Amino acid sequence: QVQLVESGGGLVQAGGSLRLSCAASGRTFTSYAMGWFRQAPGKGREIVASINWSGSNTYYADSVKGRFTISRDNAKNTVYLQMNSLKPENTAVYYCAAADRKLLTTFISRYNDWGQGTQVTVSS
């Protein structure tokens, strides 16, 4: 099992930036891929970005490509989501999650361990 703690959310104006962090403990950090998801009010949870165990392979949802960057520091057991050029429609609770495999995956069903979420609010 993996314990995940997100931080870095907050209120930012449109066009601004935030960096989310997710600290992991428990299972060996390099034994699983990681993902960032978000859930806006009244909507389902959707994938934002994913990264494989080594950080060599990443995936981004079309809506965030070119603005968001996922990365991981395996020495610190931490995954990051750098969010630039934020838009009001990016407002949501953001969750990090640990996959059940080392390879990158976009299937939410492959993510078994979840953080508590961090609120990101982008004002217009």
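Just so it is clear, the model here is predicted, and its values are computed rather than measured.
- Cation-pi contact between R101 and Y32: absent, since separation from the ring centre below 6.0 Å together with deviation from the ring axis within 45° is not met.
- Between S56 and S54, the side chains place a donor N or O and an acceptor N or O closer than 3.5 Å (distance only, hydrogens not considered).
- Without hydrogens or angle criteria, R72 side chain to N52 main chain gives a donor-acceptor distance under 3.5 Å.
- By the criterion of side-chain heavy atoms lying less than 4.5 angstrom apart, applied directly or through intervening Ile, Leu, Val, Met, Phe, Trp or Tyr residues, Y95 is not grouped with V64; the two fall into different hydrophobic clusters.
- The backbone N or O of V122 sits less than 3.5 Å from a side-chain atom of T91, completing a donor-acceptor pair.
- If you chain together hydrophobic residues whose side chains sit under 4.5 Å apart, Y60 and L104 never meet in one group.
- Here the closest heavy-atom approach between residue L4 and residue A24 is recorded as CD2-CB, 3.5 Å.
- Taking the side chain as every heavy atom from C-beta outward, R38 and V93 never approach each other to under 4.5 Å.
- Residues forming a salt bridge (Lys or Arg N to Asp or Glu O under 4.0 Å) with D73 (at least two apart in sequence, or on another chain): none.
- Within 6.0 Å of atom NZ in K102, more than 12 heavy atoms from other residues, nucleotides or ligands are found, so the atom counts as buried in its surroundings.
- At a cut-off of 3.5 Å, with distance as the only test, a side-chain donor of S17 or N84 sits close to an acceptor on the other residue.
- Closest non-hydrogen pair, Y111 versus A99, comes out as CD2-N, 3.6 Å.
- Annotation: side chain of K87 is in contact with side chain of R67 (closest heavy-atom distance under 4.5 Å).
- Between the side chain of T121 and the backbone N or O of L11, no donor-acceptor pair lies under 3.5 Å.
- A continuous path of ILVMFWY side-chain contacts below 4.5 Å connects F29 to L20, so both sit in one hydrophobic cluster.
- T69 places none of its side-chain heavy atoms less than 4.5 Å from the side chain of Y80.
- Separating the CE atom in M83 from the CH2 atom in W36 is a distance of 8.0 Å, to the nearest 0.5 Å.
- Ring-centre distance between F37 and W114: below the 6.0 Å cut-off.
- The cluster map of Ile, Leu, Val, Met, Phe, Trp and Tyr, joined by side-chain heavy atoms under 4.5 Å apart, puts M34 and V120 in the same cluster.
- Among all heavy-atom pairs drawn from E6 and C96, the shortest one is OE2-N, 2.8 Å.
- For N74 (side chain) and W53 (main-chain N/O), a donor-acceptor pair under 3.5 Å exists by modelled atom type.
- Taking OG of S63 as the reference point, atom CG of N90 lies at 7.0 Å (rounded to 0.5 Å).
- For Q13, the CD atom is loosely surrounded, since the number of other residues' heavy atoms within 6.0 Å does not exceed 12.
- What you find for A14 and S124 is that their closest heavy atoms are CB-CA, 4.4 Å.
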Evaluation steps, side chain to side chain contact (heavy atoms under 4.5 Å, CB included), between L86 and L18: CA-CA 8 Å; L86 282 161; L18 283 174; 4.2 Å; yes
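- Counting only distance, with no hydrogens or angles, the side chain of T105 and the backbone of F107 share a donor-acceptor pair below 3.5 Å.
- When side chains are defined from C-beta on, D113 counts as touching R27, because their heavy atoms get closer than 4.5 Å.
- Residues I70 and V79 form a side-chain contact, since some pair of their non-hydrogen atoms from C-beta on lies under 4.5 Å apart.
- Within the 4.5 Å cutoff, side-chain heavy atoms of Y94 are placed close to those of V48.
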